Amino acid sequence: MAVFMELTLLNAKAASLPEPVVPDCIGINIHFSAGHWRELDMIQAVCCECVRTDFTWARTERIKGVYDWSAYDQLTENLEKRGIRPYFILDYSNPLYEEKVHAKKQSVMSPRNPESVNAYSIWAAAAAKHFQGHRVIWEIWNEPNGGFWFPRPDASQYATLMLVACKAIRQADPQATIVGPATSRIPHQFLETVLSSGVLEYLDAVTVHPYRKTVPESAAGEYVWLRGLIAKYAPNGRKNIPVISGEWGYANDTKGVSLEMQAAYLVRQQLANLLADVPLSVWYDWRDDGTNVDYNEHNFGTVSVNLAPKPAYVAMQTLIRELSGYHVARRLDTISDDDYALLCVNDSGDQKLAIWTVGEPHALELGQAASPSGSFTAVDGRGKAIQMPIQNGHWMFSAGPSPIFITLANRSEDLAAAAAWKVSMPEGCLANADSSNGVPVLLELENPFSHPVWVHVSWQQPGDKMAQIQFKLNSREATNQSFDVFALRRDAETANVKLRVEFYENDQKSLISASSEVLVLAVASPLELKLLSVANLRRLQIQNAAGEAFQGSIHMPDGRIEELNMKAGQNDWSIDVPAKTQPSARVKLFNHNNQMVGEIRPEQLKPVLATKFFATVDGDTNVQAKASLTEVISPGDHAPFPKAYMLDYQLENGRILVRDGKASILSNLPQAEGVWIWGDNSGNQVKARLTDSGGQTFQFDGPKIRWRGWRWVIIKVETSQFADSHWGGANDGIVHGHLQWDCPLLLQGGKEQAKGTIYFCGLSLIYL
């Protein structure tokens, strides 16, 4: 066994989180420990600063109480030689302490009895003590809400393990860096159960794996929700525990993205996360795990199985080479929200720009640095030089899906002013909407000019009113300003407040520079407004997940005003509304001060009137599955329709398709499908499919069934998913000919419940 680890490094720095600076903020996931020197050299060559890998319990404790760290000693030594920081996942269970699950994989039960929980915590503490001083990031488990907690995910069980393990690690090494829970995606209920357990007292960061089929930039709003949850449950003084993207990638398999888009998403993921104040983003994966082009797990790598660099590897090299030592200072104003122009600066004040779009490629005019002086250079995502023309004193950029990087030879004063301020929310971003209590904001600002200036700071207040503060600063003088921002709307989980900073000459009339930032607040108790299809009516339903009391009124499209009085603990309220309203008419929600705090426009619902629904089994032929479909009297009180279809099923990781034998051709593509589902709390997922005239299938995801009784379910039709959800026919992600909604309901089996019964009715296509 290697012995170098036994010597504590007396002068080693206490472990901490990486700085949000390239390349400190960039990590990559591997699947090995000892050996693989060539791969580590390639990771070093790309300048990746952090490597994440499994630190396996069963591998390191084969005899109770006897630990063998040798493989990880070697890995840690090899990483440190290359200046790479280790990020170890304390996983998984151990057959010394838990029984095997009686399933195909014969997996070991996750720690759930007192002996195994205690043994795990002792092992984790021993590991932290052994590797003390080597700046290891310790993560508690991997994706406990998914397929890595046996026999099925259990948030309470995992929270118990996490809390015990964190306490043990902290006692063994008070300076240890501990993160978790490393959830697959950002599951609301699971995270709330875990973070409300008291574990935030011990965590240095909350880790999630924001996998998605949509673009990387779409995770920003979910981070805000998560930060609100942290602020809700963290002890005072720790309301701003950082969020880490602990694992996230895009596969280039046949149903995934192209090699070029994988490379673009790698860079955009890193930059978008930096913009969202995520200090570390770990790309999954370093190397392809196989050669099967139809299997996503074989296609996440930046290099192939034989270590040949893929475009993603080159893109990471370019990102790190161009922005090494830089942090994201500001997203510059653009005409379209689809366009991203990030101002990046280093400690010396040097300036670079990173530019791309999530929309269609187009020419982008950036007027922030209106009169570029001196020379500048530009490179594309492959590191190749490109030309950027100047028209009418403005830069003209060719914005596409892959970021381009612009280096300014001479500093722009306008850009220096945009980078001269930053805002933070010291007590967290959780806002009590519709309240007189605001969210404290700290503005840190420095005058970047060599002469005195006046600064005007303005921000939105409820009712679209503007608040403003003004102050004068001498040359290079710095100041901190504190003020409160407020949220009013209750019909969303987040609320936006736009902050604008303007620099003026001494006369306070001549504008020198202006820049802005949108502060996103997490709404503490949002109200979800839904218009539901019920027999011959519409039903307005207001869901109040937080259960806080609310008094106000509902203004109907026909002029009626209904008083609303939701008592504490009441989670929903409903009322019937006219079925036929003008397309532009809106149902509006007002608070007790007669301020509008939410609204919803009635959708145009087109019922799916099928007379020949039938169920079929789809998927792996080796998977046991069966289903029956029967029209019955709707169960339960207040059923939305008198009759419903009862689907009895039995499946294991397969699919049950509810098909429409008389599906009509769609003249217009709907925005979503709505359906009432009586849930069985199975955890199986609801989806829908449509097919083009050539037999190519497109699939869209709905929620997992984690409820009992009736619930209105919306399955969104995301056209952006056409490229990665198709098979059959042309298999190219392009719609050929007409579309038909021949599979309005699909039940995807999971690992939680293999059989059950659900009911559905009221199938409708939704047009906005």
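As the structure is a prediction and not an experimental result, all values here were calculated from the model.
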(Q) Quick one, H134 with F131, criterion ring-ring contact (aromatic ring centres under 6.0 Å, His included). Give me CA distance, side-chain angles, the key distance, then yes/no. (A) CA-CA 6 Å; H134 291 272; F131 290 93; 7.0 Å; no
(Q) L191 vs I186, test: side chain to side chain contact (heavy atoms under 4.5 Å, CB included). Steps then yes/no. (A) CA-CA 8 Å; L191 284 165; I186 306 178; 3.7 Å; yes
Between [atom1] of [X] and [atom2] of [Y], what distance do you get to the nearest 0.5 Å?
X: R287; Y: T302; atom1: CZ; atom2: OG1; value: 10.5 Å
X: N292; Y: H298; atom1: CG; atom2: NE2; value: 6.0 Å
X: T407; Y: D350; atom1: OG1; atom2: CG; value: 9.5 Å
X: I84; Y: I28; atom1: CD1; atom2: CD1; value: 9.5 Å
X: L342; Y: L353; atom1: CG; atom2: CG; value: 9.0 Å
X: L229; Y: L200; atom1: CG; atom2: CG; value: 8.0 Å

Are the side chains of [Y] and [X] in contact, using a 4.5 Å heavy-atom criterion?
X: V22; Y: E322; result: no
X: V267; Y: S402; result: no
X: W57; Y: L90; result: no
X: W37; Y: R82; result: yes
X: Q189; Y: T193; result: yes
X: D253; Y: V293; result: no
X: P401; Y: R268; result: yes
X: Q269; Y: S281; result: yes

Might you point out which heavy atoms bring [X] and [Y] nearest each other, and give the distance in Å?
X: T318; Y: G381; result: OG1-O, 3.1 Å
X: N346; Y: G325; result: CB-O, 3.3 Å
X: G228; Y: C429; result: N-SG, 3.8 Å
X: I244; Y: L280; result: CG2-O, 3.5 Å
X: L271; Y: A354; result: CD1-CB, 3.9 Å
X: A329; Y: V345; result: CB-CG2, 4.0 Å

(Q) When you measure from the centre of the six-membered ring of W248, is the NZ or CZ of R212 closer than 6.0 Å and no more than 45° off the axis? (A) yes
**Q.** Stacked cation flag R59 on Y72, 6.0 angstrom / 45 deg
**A.**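 Checked: cation-pi criterion met.
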Flag for [Y]-[X]: side-chain donor and acceptor within less than 3.5 Å:
X: E98; Y: S116; answer: yes
X: E61; Y: Y97; answer: yes
X: D277; Y: Y223; answer: no
X: T334; Y: D339; answer: no
X: T207; Y: E139; answer: yes
X: D68; Y: S70; answer: yes

**Q.** Identified ring pair (Phe, Tyr, Trp, His ring centres under 6.0 Å) counterpart of W138 within the set W123, F88, Y87
**A.**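 One option only clears the test, and that one is F88.
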Q) Just one of F300, Y265, Y211 clears the ring pair (Phe, Tyr, Trp, His ring centres under 6.0 Å) bar with Y250, so which one? A) Y265
Salt-bridge present ([X], [Y]; N to O < 4.0 Å):
X: E222; Y: R185; answer: no
X: K81; Y: D41; answer: no
X: K310; Y: D288; answer: yes
X: R85; Y: E49; answer: no

Tell me whether [X] at atom [atom1] has more than 12 heavy atoms from other residues, nucleotides or ligands lying less than 6.0 Å away.
X: E39; atom1: CD; answer: yes
X: D347; atom1: CG; answer: no
X: E297; atom1: CD; answer: yes
X: E444; atom1: CD; answer: yes

Q) Relative to the ring of F32, is the ring of H36 parallel (under 30°), tilted (30 to 60°) or perpendicular (over 60°)? A) parallel
Is a side-chain N or O of [X] found less than 3.5 angstrom from the main chain of [Y], in a donor-acceptor match?
X: S324; Y: R321; answer: no
X: D338; Y: T357; answer: no
X: Q351; Y: L343; answer: no
X: N240; Y: P426; answer: yes
X: D173; Y: K129; answer: no

Q. Can D337 and R331 be said to form a salt bridge (Lys or Arg N to Asp or Glu O under 4.0 Å), step by step?
A. CA-CA 11 Å; D337 289 340; R331 180 183 180 184; 5.3 Å; no
Q | Partner of Y233 by side chain to side chain donor-acceptor pair (under 3.5 Å), out of R238, E192, K239 | A |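 Option passing the side chain to side chain donor-acceptor pair (under 3.5 Å) with Y233: E192.
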Q: Please find out if less than 6.0 Å separates the ring center of Y313 from that of W283.
A: no
Q | side chain to side chain contact (heavy atoms under 4.5 Å, CB included) assessment of H209 paired with N142 | A | CA-CA 10 Å; H209 300 170; N142 175 65; 3.1 Å; yes
Q. Do W141 and F148 pass the ring-ring contact (aromatic ring centres under 6.0 Å, His included) test, and can you show the C-alpha distance, the side-chain angles, and the key distance before you say yes or no?
A. CA-CA 9 Å; W141 215 266; F148 296 98; 9.1 Å; no
Q: Scan residues 157-202 for pairs that pass ring-ring contact (aromatic ring centres under 6.0 Å, His included), counting only residues two or more places apart or in two chains.
A: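 Non-adjacent pairs meeting ring-ring contact (aromatic ring centres under 6.0 Å, His included): W149-Y158, H188-W225.
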Q.
Test of understanding: with salt bridge (charged side-chain N to carboxylate O under 4.0 Å, His left out), list the residues that count as partners of D294, not counting sequence neighbours.
A.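 Here no residue qualifies.
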Q. Looking at residues at least two apart in the chain, or sitting in another chain, which of them share a salt bridge (charged side-chain N to carboxylate O under 4.0 Å, His left out) with E201?
A. none
Q: Begin from the C-alpha positions of S304 and N306 and carry the test side chain to side chain donor-acceptor pair (under 3.5 Å) through to its verdict.
A: CA-CA 5 Å; S304 66; N306 62 8; 2.3 Å; yes
